[in-house]
S.K.: 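This is the structure I have questions about; it appears just below.
A, B, ... follow the sequence lines: proteins, then strands. Residue 1 opens every chain. Only heavy atoms go into these numbers, but all of them, side chains included; no hydrogens, no water, no symmetry mates.
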2 protein chains.
Amino acid sequence: MSLRTAQRASLVDQVIEQLKEQITSGSWRLHAKIPTETVLAEQLGVGRNTVREAVRALTHAGLLDCRQGDGTYVRATSELSGAMARRLRTAEHLEILEVRRALEVEAAKLAAVRRTEGDIELIEAALLRREQAWVEAEVDAFVEADLAFHVAVVEATHNRVLIELYKDFSAALRASIAAAGAPLENGHIPHDAIARAIASGDASAAERAGHACMEHIAIALTDTAELLD
Amino acid sequence: MSLRTAQRASLVDQVIEQLKEQITSGSWRLHAKIPTETVLAEQLGVGRNTVREAVRALTHAGLLDCRQGDGTYVRATSELSGAMARRLRTAEHLEILEVRRALEVEAAKLAAVRRTEGDIELIEAALLRREQAWVEAEVDAFVEADLAFHVAVVEATHNRVLIELYKDFSAALRASIAAAGAPLENGHIPHDAIARAIASGDASAAERAGHACMEHIAIALTDTAELLD
DNA sequence: ATCATTGACTTGTAGGATGATTGGTTTCCC
DNA sequence: GGGAAACCAATCATCCTACAAGTCAATGAT
């Protein structure tokens with residue numbers, strides 16, 4: 001047996017896990033204020049120092065944000081999204097797009113094979129919201145629904161590593177999109193072909209549709225870049 | 001060690017910075033035992049709780065390792081992929097492989113188009129080291145050269161986002177491989193086809209070779225999994 | 001209405017007390 | 001002498017109280 005792989009979870013580590021659970025599960029939303037240290041200590045049945053050490057660890061990891069005299073807030077929903085956001089901010093759109101292509105095309109392919117009925121429903125619901133926001137020209141709702149669609153596709157792969165990686169990525173993406181000003185011309189990009197291919201379980205069609213989608217975005221990107229010149 | 005009592009940042013953050021400084025500067029080497037909490041508190045002129053919170057933050061980040069009743073040791077000299085490593089530790093090999101496939105196939109395709117002469121040299125050098133380690137049956141050197149090869153391919157894309165993402169990923173991968181015991185049967189997997197396709201600038205050949213490589217690994221994985229049953 | 005004051009609440013820091021765990025030392029028995 | 005058990009000191013783990021410092025909103029005087 002290997003040396004100390006399974007060491008007894010310390011109290012602080014348990015608290016860290018529970019706090020992370022609250023964040024990732026959505027019980028504590030982004031920018032929400034979490035209970036005070038005293039309350040948390042009571043609820044979790046541990047001392048305030050234990051809570052503090054856990055909160056400090058998550059603060060250093062970028063998930064929480066403590067303000068003396070005010071409270072503690074959720075800064076990010078995952079540990080990587082903070083670092084990722086920093087990274088993406090200085091990156092070129094084309095570079096980001098190439099990574100998206102890598103992840104999303106593979107995701108579409110896998111999703112076509114593994115999707116459940118529930119996955120299909122989620123994907124189509126997001127697609128519907130996306131189109132509705134498109135005809136109503138609601139930028140925020142459109143971006144949100146667009147990201148929700150892609151996340152739903154990735155979740156249909158049931159690959160936890162891929163899902164978490166992509167969620168971090170898309171969270172950073174949202175910031176990037178919002179900062180750059182969302183180009184609503186992307187509305188006509190054929191997302192429905194992806195959804196259909198996944199629903200029908202056709203992996204190669206899903207791959208082709210994913211590639212086509214990314215190709216459209218690449219073209220839209222270069223178009224807007226030319227417009228800005 | 002010098003101790004300052006500036007007040008601009010919080011005390012804990014200052015202590016975190018000073019501890020990190022000791023680690024990255026090399027004053028505390030890898031696997032070295034660091035002073036006890038009490039001593040650190042005295043040296044830094046802060047309370048023991050402050051030291052504890054700082055140590056806890058670095059422990060959670062993967063830089064330190066606390067052992068009750070023994071002491072605290074330096075576990076790593078950089079926190080680049082602490083979160084990623086934690087995540088991959090609980091993941092299935094197949095899940096990780098699917099993400100690798102997504103990133104590496106796209107990387108091979110892009111590298112075929114963008115590689116410079118220098119990239120080709122690095123790739124082939126890594127390939128050479130890999131084969132040499134294979135015939136000499138040196139496990140550590142083989143794993144190192146194998147990862148170096150893939151990193152070199154990714155770097156040939158000249159996509160900074162992809163490069164950093166993959167580097168974090170592969171660093172975590174190394175730990176995972178080392179923990180699982182490297183299956184040296186993977187030696188026969190055709191990496192040279194990827195290298196040739198990239199050198200000749202044939203993107204679709206590179207894509208096919210990348211897929212083939214991942215396919216081989218997948219088969220090797222399921223084989224070893226069956227052997228373990 | 002405006003603005004300074006106050007007070008409640010919250011996080012930041014300090015330090016002590018006690019328990020749990022580890023590693024080394026000593027002792028004791030054979 | 002050798003080995004095992006008991007012991008002890010060092011260290012981290014947790015909890016506690018106390019106070020400092022910061023924020024925010026209600027209060028009340030102007």
Side-chain angles (χ1 to χ4, degrees), chain A residues 1-20 22-23 28-76, chain B residues 1 3-20 22-23 28-29 31-76:
Chain A
M1 199 55 198
S2 63
L3 37 133
R4 84 169 21 259
T5 44
Q7 63 179 1
R8 172 189 96 289
S10 75
L11 262 187
V12 174
D13 287 335
Q14 290 179 48
V15 173
I16 288 177
E17 281 312 309
Q18 297 208 45
L19 298 188
K20 265 204 281 197
Q22 296 292 321
I23 295 171
W28 295 343
R29 302 191 177 281
L30 203 60
H31 303 128
K33 188 172 174 177
I34 75 174
T36 69
E37 294 174 351
T38 318
V39 172
L40 279 177
E42 277 176 17
Q43 286 181 351
L44 297 167
V46 299
R48 184 177 158 226
N49 263 347
T50 309
V51 172
R52 274 192 64 76
E53 286 177 23
V55 167
R56 173 64 63 178
L58 293 180
T59 299
H60 185 251
L63 271 85
L64 294 178
D65 186 20
C66 296
R67 294 185 214 156
Q68 184 179 171
D70 185 358
T72 303
Y73 299 81
V74 178
R75 176 191 288 171
Chain B
M1 174 191 291
L3 47 96
R4 342 192 170 100
T5 44
Q7 278 292 337
R8 55 185 77 126
S10 85
L11 267 183
V12 173
D13 287 334
Q14 290 179 51
V15 173
I16 288 177
E17 280 312 308
Q18 298 210 34
L19 297 188
K20 265 205 280 196
Q22 296 293 323
I23 295 171
W28 295 343
R29 302 192 176 280
H31 302 126
K33 186 170 173 179
I34 75 173
T36 70
E37 295 175 350
T38 321
V39 172
L40 279 178
E42 277 176 19
Q43 286 183 353
L44 297 166
V46 300
R48 203 168 47 76
N49 266 342
T50 308
V51 172
R52 269 192 68 76
E53 287 178 23
V55 168
R56 173 66 63 177
L58 293 180
T59 300
H60 185 251
L63 283 167
L64 294 178
D65 185 21
C66 295
R67 294 189 210 156
Q68 184 179 180
D70 186 358
T72 303
Y73 298 82
V74 178
R75 177 191 287 174

S.K.: Just by protein heavy atoms under 4.0 Å, how would nucleotides 5-11 of chain C read 5' to 3' in B, S and -?
M.R.: -----BB
S.K.: Over how many whole Å does the gap from B:D65 atom CG to C:dT21 atom P extend?
M.R.: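 Taking CG of B:D65 and P of C:dT21, I get 17 Å after rounding.
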S.K.: Distance criterion of 3.5 Å, no angle test: do you see the side chain of B:N49 paired donor-to-acceptor with the base of C:dG12?
M.R.: no
S.K.: Taking any heavy-atom pair under 4.0 Å as a contact, classify B:V12: base, sugar-phosphate, or nothing.
M.R.: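 It contacts sugar-phosphate atoms only.
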S.K.: What closest approach, in Å, do B:A54 and B:V15 show between heavy atoms, and which atom pair accounts for it?
M.R.: CB-CG1, 3.5 Å
S.K.: Starting at atom CD of B:E53, determine the distance to atom P of D:dT14, rounded to an integer number of angstrom.
M.R.: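 Rounding to the nearest Å, CD of B:E53 and P of D:dT14 are 13 Å apart.
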S.K.: Identify the heavy atoms of A:G62 and A:A76 that sit nearest to each other, and give their distance.
M.R.: O-CB, 3.7 Å
S.K.: Side-chain contact, heavy-atom cut-off 4.5 Å: B:E17 with B:D13?
M.R.: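 With C-beta onward as the side chain, the pair stays apart.
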S.K.: How long is the line joining CZ of A:R56 and C1' of C:dT13, in whole Å?
M.R.: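 So the two atoms are 11 Å apart, to the nearest Å.
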S.K.: Nearest 0.5 Å, please: how far is OG1 in B:T38 from CD in B:Q43?
M.R.: 11.0 Å
S.K.: Is there a side-chain contact between A:Q18 and A:Q22, using heavy atoms and a 4.5 Å cut-off?
M.R.: no
S.K.: B:Y73 has an atom OH; how far is it from atom C1' of D:dA10, in whole Å?
M.R.: 11 Å
S.K.: Counting any heavy atom closer than 4.0 Å, what does A:V46 reach on the DNA or RNA strands: base, sugar-phosphate only, or nothing?
M.R.: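 Touches sugar-phosphate only.
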S.K.: For residues 28-35 of chain A, which side-chain N or O atoms pair as donor and acceptor with protein atoms under 3.5 Å away, sequence neighbours left out?
M.R.:
{"from": "A:K33", "atom 1": "NZ", "to": "A:D70", "atom 2": "O", "distance (Å)": "3.3"}

S.K.: If the cut-off is 4.0 Å, is A:T50 near the phosphate of D:dA13, judged by side-chain N/O to OP1 or OP2?
M.R.: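 The answer is no; no side-chain N or O of A:T50 sits under 4.0 Å from OP1 or OP2.
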S.K.: Rounded to the nearest 0.5 Å, what separation is found between the CG atom of A:L58 and the NE2 atom of B:H60?
M.R.: 5.5 Å
S.K.: At 10 degrees resolution, what angle do the end axes of the helix from C:dA1-D:dT30 to C:dC30-D:dG1 form when each is taken over five base pairs?
M.R.: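 Between the first-five-pair axis and the last-five-pair axis there is 10°.
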S.K.: Over all heavy atoms of both residues, which pair between B:V74 and B:L64 is shortest? Give the atoms and the distance, please.
M.R.: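 Taking B:V74 first and B:L64 second, the nearest heavy atoms are CA-CD2, 4.0 Å.
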S.K.: Specify the closest pair of heavy atoms between A:V55 and A:C66, including all atoms of both residues, with the distance to one decimal.
M.R.: CG1-SG, 3.5 Å
